[in-house]
Number of protein chains: 2
Amino acid sequence: MSAKTKHVVSIGLSAAIVSVADERPSVLVVHHAGAEDALPFGPFDPLNHRTLDSGLRKWVGEQTYLDLGYAEQLYTFGDRGRHLPTPDEGARVVSVGYLALTRQARELKAPDTRWSDWYRYFPWEDWRDTKPAIIDQSIMPVLKQFVKAAPTSEVTELRRDRVRLCFGADGLSWDEEKVLERYELLYEAGLVQEAVRDGRKTSASAALGASMTFDHRRILATAIARLRGKMKYRPVVFELMPPNFTLLELQRTVEAISGIRLHKQNFRRLMEDQGLVEGTGKFATQARGRPAELFRFRREVLRERPAPGVRLGTRKTI
Amino acid sequence: MSAKTKHVVSIGLSAAIVSVADERPSVLVVHHAGAEDALPFGPFDPLNHRTLDSGLRKWVGEQTYLDLGYAEQLYTFGDRGRHLPTPDEGARVVSVGYLALTRQARELKAPDTRWSDWYRYFPWEDWRDTKPAIIDQSIMPVLKQFVKAAPTSEVTELRRDRVRLCFGADGLSWDEEKVLERYELLYEAGLVQEAVRDGRKTSASAALGASMTFDHRRILATAIARLRGKMKYRPVVFELMPPNFTLLELQRTVEAISGIRLHKQNFRRLMEDQGLVEGTGKFATQARGRPAELFRFRREVLRERPAPGVRLGTRKTI
DNA sequence: CCTATTAATACTCAACTTGAGTATATATCT
DNA sequence: AGATATATACTCAAGTTGAGTATTAATAGG
């Protein structure tokens, strides 16, 4: 192998394209019967793409005809052994993951492409109704084993802390943003299919959630975590909403993404006090109850507050 | 060119290695007389590096003998024309930027390597004493021109908003986290040397701050922004502190990084109430004034609170 | 038409957090 | 001893948050 090709890799752009409809957060996947789902994936072409971002938008546009309102780079993964199902062969692939948001399109052009509820891949992440039963039934017992099976007592301590922090216990509450940490913990504990496939574990203790090809489920975990966090200090939710919506619809969308329930009256107060929305004067027609006013996103908020929702540390006036 | 090599690029790992001493936040740079400073930079070697992270740690260790306490991937840049000073030739380089934190080592092994105050590259970012004069003297006049020179009135509006958001005005206060946004704005307005070098502007209105090779100043801006933000919800500052320190030393470090001054009594209250530090019972010997107690970082805080400092949104108990 | 039901919206209130001090303690310097 | 410089303790009003209760406006059923 020549020195020239020694450091050469190819770059893949993977996108977690997200939309929410009917209180179900969905991700666009390429689906083939009998095979694992995949995120849409395109190569970065240095000759024709000026930036990584434009490369992504280009092939997403070509393949899905979706108009991405918002796209954000997540992370670049280059782990050996987590991209290809078999040990390395040929060029190493480094994948740059993206999070993109879009309003749900009625029809998808590409034939094998569909919207898939993201909780299919992460059933332990949806706490809207109750704590998912899978946690106490399947996850915690195996994780307790995983803690015990540590080679040294130091590792035991580390693992115990990770389990506490990820799944909450004695006083620690559920942190909905730790999606990636939880997935990585389950991977290491052999609780997801990918760990077996990558040869990290010889036998799976279980195979929780639907698996995905390559490291796509890891990218999706990163995307969910980022969206759950970002929502709190940037008005990105509105990329997922129609132009007019009721406050309850907005709340349900936020809840669908974060996987937790919110206090209705306080949610309303927050939205209004922060100037994130404004009433349109029109009302939704609904089956029962008092009709809700339709609201729209107040775009001007972006000019008024630096980051709607964020609390900055104390700052002394000079 | 064969199909096989068409999508091939090489990956560079660039690191903004940060330390703080004497209230000066510094970054490790490679310096040659008469040339622009550069961030330490190493190629990702797919054959010998298992992950991007380990690749970074490997060559930083080899080149600087520094022990990186903390390293975090920032962003992957692939913009054509912003990496090479001349138009593309040969393989395209995509660079993955990293932020790394370390306690300052007395001596650096590599000969051309030195610690450099990061405000040399971003003189408009240091608001600790007063608002930097450069803003009103050099930046705002040119930015006002830049707003006026917009091709359409729509672009005018957009530019006006960006200027307001970046540098604050009428009611909007300085947001110390917008380091990257400000650098990008100055780049577009032709106020930094790199814009001229990259051929975006024919003549520089000015060349503010020291420039760096390739897109390294952009990576450094990303690093500063990330560190300023992350500090608020993760106890990363302690990676930069010695084992024992006074609360004022800690505060000065936080101020050096964020570029703003904090209220002393409230800073103390925050640190103690949140359980981030604990007294050692020992006291610092100083020139004047009442001696300050020496504190240490309470590592256990990581196990007690999900994210020291973060305020989560309202969550309803089911 | 009256009443129960459902959902939207308004208002309340105590607990906690934050910004900005004042007050006191313990050093050194002259 | 008194001035000066820090460190540390305490105060207090204003703002924010969590968790309600109260009221309004619709529909469905008798």
Side-chain angles (χ1 to χ4, degrees), chain A residues 23 173-174 176 232-233 244-255 258 260-296 305-318, chain B residues 23 173-174 176 232-233 244-255 258 260-296 305-318:
Chain A
E23 309 189 19
S173 60
W174 178 254
E176 79 280 357
K232 289 175 189 154
Y233 61 95
N244 295 301
F245 47 82
T246 68
L247 287 179
L248 189 58
E249 283 163 359
L250 180 62
Q251 183 180 340
R252 292 295 181 234
T253 302
V254 172
E255 290 173 340
S258 61
I260 55 176
R261 287 273 170 230
L262 303 173
H263 186 279
K264 192 174 175 177
Q265 298 93 317
N266 291 346
F267 181 80
R268 155 181 295 268
R269 174 174 66 184
L270 234 81
M271 293 301 109
E272 292 191 316
D273 286 2
Q274 300 213 104
L276 279 165
V277 296
E278 62 188 354
T280 62
K282 288 182 284 188
F283 288 82
T285 54
Q286 14 195 168
R288 289 167 300 200
R290 176 172 169 179
E293 185 169 7
L294 289 170
F295 285 76
R296 73 166 74 88
R305 330 169 108 258
V310 94
R311 317 267 157 264
L312 268 186
T314 154
R315 156 94 165 287
K316 189 177 181 179
T317 41
I318 323 177
Chain B
E23 309 188 19
S173 59
W174 177 256
E176 79 280 356
K232 290 175 189 154
Y233 60 95
N244 295 301
F245 46 82
T246 68
L247 288 180
L248 188 58
E249 283 163 359
L250 180 62
Q251 182 180 340
R252 291 296 181 235
T253 302
V254 172
E255 289 173 341
S258 61
I260 56 177
R261 287 272 169 230
L262 303 173
H263 186 281
K264 192 172 173 179
Q265 298 93 318
N266 290 347
F267 181 80
R268 155 181 297 267
R269 175 173 64 186
L270 232 82
M271 292 302 110
E272 292 191 317
D273 286 3
Q274 300 213 107
L276 279 165
V277 296
E278 61 187 355
T280 61
K282 288 181 282 187
F283 288 82
T285 53
Q286 14 194 166
R288 287 167 301 199
R290 176 172 166 178
E293 186 170 7
L294 289 170
F295 286 76
R296 72 166 75 90
R305 330 169 110 258
V310 93
R311 316 265 159 268
L312 268 185
T314 153
R315 156 92 167 290
K316 191 176 180 179
T317 40
I318 324 176

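In what follows, chains carry the letters A, B, and so on, assigned in the order in which the sequence lines appear, proteins first and then strands, with residues in each chain numbered from 1.
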Length of the line joining [X]:[atom1] and [N]:[atom2], which is rounded to integer Å:
X: B:Leu262; N: C:dG19; atom1: CG; atom2: C1'; result: 12 Å
X: B:Arg261; N: C:dG21; atom1: CZ; atom2: C1'; result: 19 Å
X: B:Lys282; N: C:dA27; atom1: NZ; atom2: C1'; result: 20 Å
X: A:Phe283; N: D:dT27; atom1: CZ; atom2: P; result: 13 Å
X: B:Glu249; N: D:dA7; atom1: CD; atom2: C1'; result: 13 Å
X: B:Met271; N: D:dA7; atom1: CE; atom2: C1'; result: 16 Å
X: A:His263; N: C:dA8; atom1: NE2; atom2: C1'; result: 14 Å
X: B:Phe267; N: C:dT18; atom1: CZ; atom2: C1'; result: 15 Å

*Residue whose nearest DNA chain C nucleotide is more 5′ - A:Ala292 or A:Arg269*: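 Per heavy-atom nearest nucleotide, the more 5' residue is A:Ala292.
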
_So, using side chain to side chain donor-acceptor pair (under 3.5 Å) as the criterion, who are the partners of A:Glu249 when residues are at least two apart?_
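With sequence neighbours excluded, A:Glu249 shows a side chain to side chain donor-acceptor pair (under 3.5 Å) to no residue whatsoever.
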
*Taking B:Glu293 for the side chain and B:Phe283 for the main chain, is one N or O donor matched with an acceptor at less than 3.5 Å?*
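It does not hold such a pair.
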
*asked:* Between B:Thr280 (side chain only) and B:Phe295 (backbone N and O only), is there a donor and an acceptor less than 3.5 Å apart?
replied: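 Here the side-chain-to-backbone pair does not exist.
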
_Is there a salt bridge (charged side-chain N to carboxylate O under 4.0 Å, His left out) between A:Glu176 and A:Lys232? Walk through the geometry before answering._
CA-CA 12 Å; A:Glu176 79 280 357; A:Lys232 289 175 189 154; 2.5 Å; yes

When you measure from the side chain of [X], which nucleotide among [options] comes out closest?
X: B:Asn266; options: C:dA8, D:dA9, C:dA20; value: C:dA20
X: B:Gln265; options: D:dA9, C:dC11, C:dT18; value: D:dA9
X: A:Arg268; options: C:dT9, D:dA25, D:dT8; value: C:dT9
X: A:Pro291; options: D:dA25, D:dT17, D:dA7; value: D:dA25

*Could you tell me whether A:Glu293 contacts a base, only the sugar-phosphate backbone, or nothing, with contacts defined as non-hydrogen atoms closer than 4.0 Å?*
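A:Glu293: backbone/sugar contact only, no base atoms under 4.0 Å.
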
*Minimum heavy-atom distance B:Glu255-B:Leu262, with the two atoms named*: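 So the two residues come closest at OE2-N, 2.8 Å.
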
Respond yes when some side-chain nitrogen or oxygen of [X] is under 4.0 Å from OP1 or OP2 of [N], and no when none is.
X: A:Arg290; N: D:dT27; value: no
X: B:Lys264; N: D:dT6; value: no
X: B:Arg288; N: C:dA27; value: no

*Can you find a donor-acceptor pair, distance only, under 3.5 Å between A:Glu272 side chain and C:dT9 base?*
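No pair found.
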
